[in-house]
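Accompanying notes for the structure given below.
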Amino acid sequence: MLRSTIFKSSLAILLIVVVAACGEQKKKITYPETDLAEAPLIPKPLKVVPTHSAFGLDAKTAIYTTQTDPAFEKVGVFLAQTIKDRLNLDLYVNGGTDETVERIIFINQTDTVGSDNPEAYQLYIKNDSVLLNAKTAEGAFRGIQTLRQLIPETSNDTLAERPMWLIPSGKIIDEPIFEYRGAMLDVARHFFTVDEVKKFIDLLAYYKYNAFHMHLSDDQGWRIEIKSWPKLTQVGGQTEVGGGPGGFYTQEEFKELVDYAAERYIQIIPEIDMPGHTNAASFSYPILDGTGKKLRAYTGTHVGFSTFDARKDTVYAFVDDVVREIAAISPSPFFHIGGDESHATKKNDYIHFVEKVEKIVQKHGKRMVGWNEIAQAKIDPSTVVHLWNEPHHALKAAQNGSKIILSPAKRAYLDMQYDSLSKHGLHWAAFIPVDSAYVWDPATYVEGLPRESILGFEAPLWSETISNSAELEYLAFPRAIGYAELAWTPAEQRDWESYRKRLAEQTPYLDRMNVNYYPSKLIDWKENKYTFKEIEKD
Ligand code: TNX
């Protein structure tokens, strides 16, 4: 049995066994010329060296993984599942026999990938083997996204007795520039179901995002069950912009999302926006309110009118309960407290609130994140400042040792319209067409912000104007694909002309995933181009 060989042998022996087993088969195949450097990979890898031949993915391919770390086998199973879903091939993962296996994809744990970056990976693609090296299962997971993107749309059926999908051969050495590569979804202005959120996470994973920030509360709705304050969802969860039914996630459902994202090596960062943007919470529990005005459910889109009472002990008891319950089901090291546009909070109260809440977040074992306004308070250097509109706040926080997440609204906001004809979206910050979303550099956007202070990049999607997957996808795609490249690929290697060609070739994937992307006229959308000529059998 091949299986027993694998348990005992090193990769070298394994490769010899497999290659020997298919030596005869190998002679019969003349692979067409390919060019790995032309493959429409997004984000573009750090280094690609083509060898102009191919690996033939077919029913006699098996996936093997390092078995000392079960997470590597899981990555193998994930790859097998995507191949099954797409090509209807059932590939063994750490199984199979000499008769059933002719070539292998080996997902290998090794400490020698030549980089300290935990997401680094190397791919060596040859005629009969694909070797994916990574130090961590996370790196391996990023690597299999590259492999998925390399599988062409059509098989070359003249090469073997069975369909064979040709993956161009060569070497890829890759790692991201930013450790935090996120997207945000506002599920408060409009609620999105668990399945809608999962679909978005799937798309983000394919483009190597590793963070998904959920804006879970705002004036128009409270979206996560808090067992010690049940009215938050019984009352505050029942509204949304425009008067729709709203909705919320039970803690079980939130955990389901956390696990789903974690299987894709994406962390979910929960956000409870406070002390402003809190009408839904105060309407549910009027004791929290600091406006003194008559409270009613809010389904409009104005901001800045609500606030907690920052001088009330009950408010901090409430925040403690909320942070404790969410922290207990949220493995991310971060907890986002919002803190934006608190126009109804007095400045002193705002500062007092942020400083007290930071202690609560830390008590529950998390690092606080807040929108850039929080830098007005005396925050701990471990706290992360999320830049959206006022760079001077980010600069001040960075001087004090804080790390910065970059989401400048003029360039990075997924809810901005593409142009004045866009069906959905706002334009208070800018119109952001597909090229303007791509042609800039987050790392140098804030003058004077040192590179070491940047934790990463995030593209927020606010949902005042969208309420389902189709509308979400219209705003998020294709721009989120370009943002994935801004956060992964070094600036020197980014190029609009190259990107727009590669983006054009995402059509088959986006269509297969039933993504309602905005068909920007700046892109010559292609179908079924990424494939290789059929050649005669000899
Ligand atoms: C500003 S960005 C907001 C949100 C809105 C968004 C709409 C930020 C921290 N606050 O409350 O939804 O603009 O684009």
Side-chain angles (χ1 to χ4, degrees), residues 182-192 213-223 239-242 246 269-281 298-308 334-345 350 353-354 357 368-377 383-394 397 404-418 422-432 436-437 442 445-446 457-467 471-472 474-476 479-480 483:
M184 187 206 83
L185 180 63
D186 170 7
V187 294
R189 269 51 176 276
H190 281 103
F191 180 66
F192 291 82
H213 165 190
M214 295 184 78
H215 183 77
L216 289 164
S217 71
D218 213 301
D219 292 319
Q220 299 87 346
W222 183 283
R223 306 294 177 216
T239 47
E240 63 184 357
V241 166
I269 297 94
E271 177 189 347
I272 297 298
D273 201 352
M274 4 177 221
H277 290 270
T278 43
N279 186 76
Y298 185 67
T299 58
T301 58
H302 290 149
V303 296
F305 61 88
S306 57
T307 183
F308 283 160
F334 300 113
F335 189 99
H336 203 307
I337 65 139
D340 57 316
E341 301 171 317
S342 242
H343 307 318
T345 322
Y350 178 83
F353 182 87
V354 170
V357 170
M368 187 168 91
V369 187
W371 296 108
N372 51 218
E373 288 95 323
I374 65 160
Q376 297 169 90
T383 288
V384 174
V385 169
H386 193 166
L387 173 104
W388 68 281
N389 69 342
E390 291 181 300
H392 64 275
H393 287 317
I404 312 298
I405 296 172
L406 296 160
S407 297
K410 284 184 182 27
R411 291 288 196 162
Y413 266 27
L414 286 169
D415 66 315
M416 291 299 117
Q417 290 175 294
Y418 294 91
S422 288
K423 266 194 272 169
H424 308 286
L426 305 169
H427 56 258
W428 64 264
F431 290 112
I432 310 185
S436 149
Y445 183 81
V446 178
F457 170 85
E458 181 179 299
L461 178 49
W462 302 97
S463 63
E464 285 91 336
T465 66
I466 56 171
S467 63
E471 295 168 0
L472 177 167
Y474 175 92
L475 285 176
R479 288 180 294 196
Y483 293 142

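Residue numbers count from 1 along this sequence. Atoms within each ligand, like the ligands themselves, are counted from 1 in listed order.
Near H277, meaning under 4.0 Å from one of its heavy atoms, ligand 1 places the atoms 11 (O). Residue contact check: W371 has heavy atoms under 4.0 Å from atoms 9 (C) of ligand 1.
The CD atom of Q220 sits 8.0 Å away from the OG1 atom of T239 when rounded to the nearest 0.5 Å.
Between E341 and ligand 1, at least one pair of N/O atoms sits closer than 3.5 Å. Residue R189 has at least one N or O atom closer than 3.5 Å to an N or O atom of ligand 1. Residue E464 places at least one N or O, backbone or side chain, under 3.5 Å from an N or O of ligand 1. Of the N or O atoms in D186, none lie within a sub-3.5 Å distance of an N or O in ligand 1.
Scanning all protein heavy atoms for the shortest distance to atom 13 (O) of ligand 1 gives W428 CZ2, 3.4 Å. Y413 OH, 2.4 Å is the protein heavy atom nearest to atom 2 (S) of ligand 1.
By the 4.5 Å heavy-atom criterion applied to side chains, W428 and M416 are counted as neighbours. Side-chain contact between F431 and S436 is absent, with no heavy atoms from C-beta onward closer than 4.5 Å.
Distances from atom 7 (C) of ligand 1 to the heavy atoms of D340, D273, L461, D415 show the closest one on D415.
With no hydrogens or angles considered, a side-chain donor-acceptor pair links E373 and W388 at under 3.5 Å. For the residue pair H190 and E240, no side-chain donor N or O sits within less than 3.5 Å of a side-chain acceptor on the partner.
At a 4.0 Å heavy-atom cut-off, ligand 1 touches L426 through the side chain alone.
At least one heavy atom of M416 sits closer than 4.0 Å to an atom of ligand 1.
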Please test V354 against M368 for side chain to side chain contact (heavy atoms under 4.5 Å, CB included), starting from the C-alpha separation and ending with a verdict.
CA-CA 10 Å; V354 170; M368 187 168 91; 3.9 Å; yes
Apply ring-ring contact (aromatic ring centres under 6.0 Å, His included) to residues H215 and W462 and explain how you reach the verdict.
CA-CA 9 Å; H215 183 77; W462 302 97; 4.7 Å; yes
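None of D273, T345, D219 except one satisfies the side chain to side chain contact (heavy atoms under 4.5 Å, CB included) rule with S306; the exception is D219.
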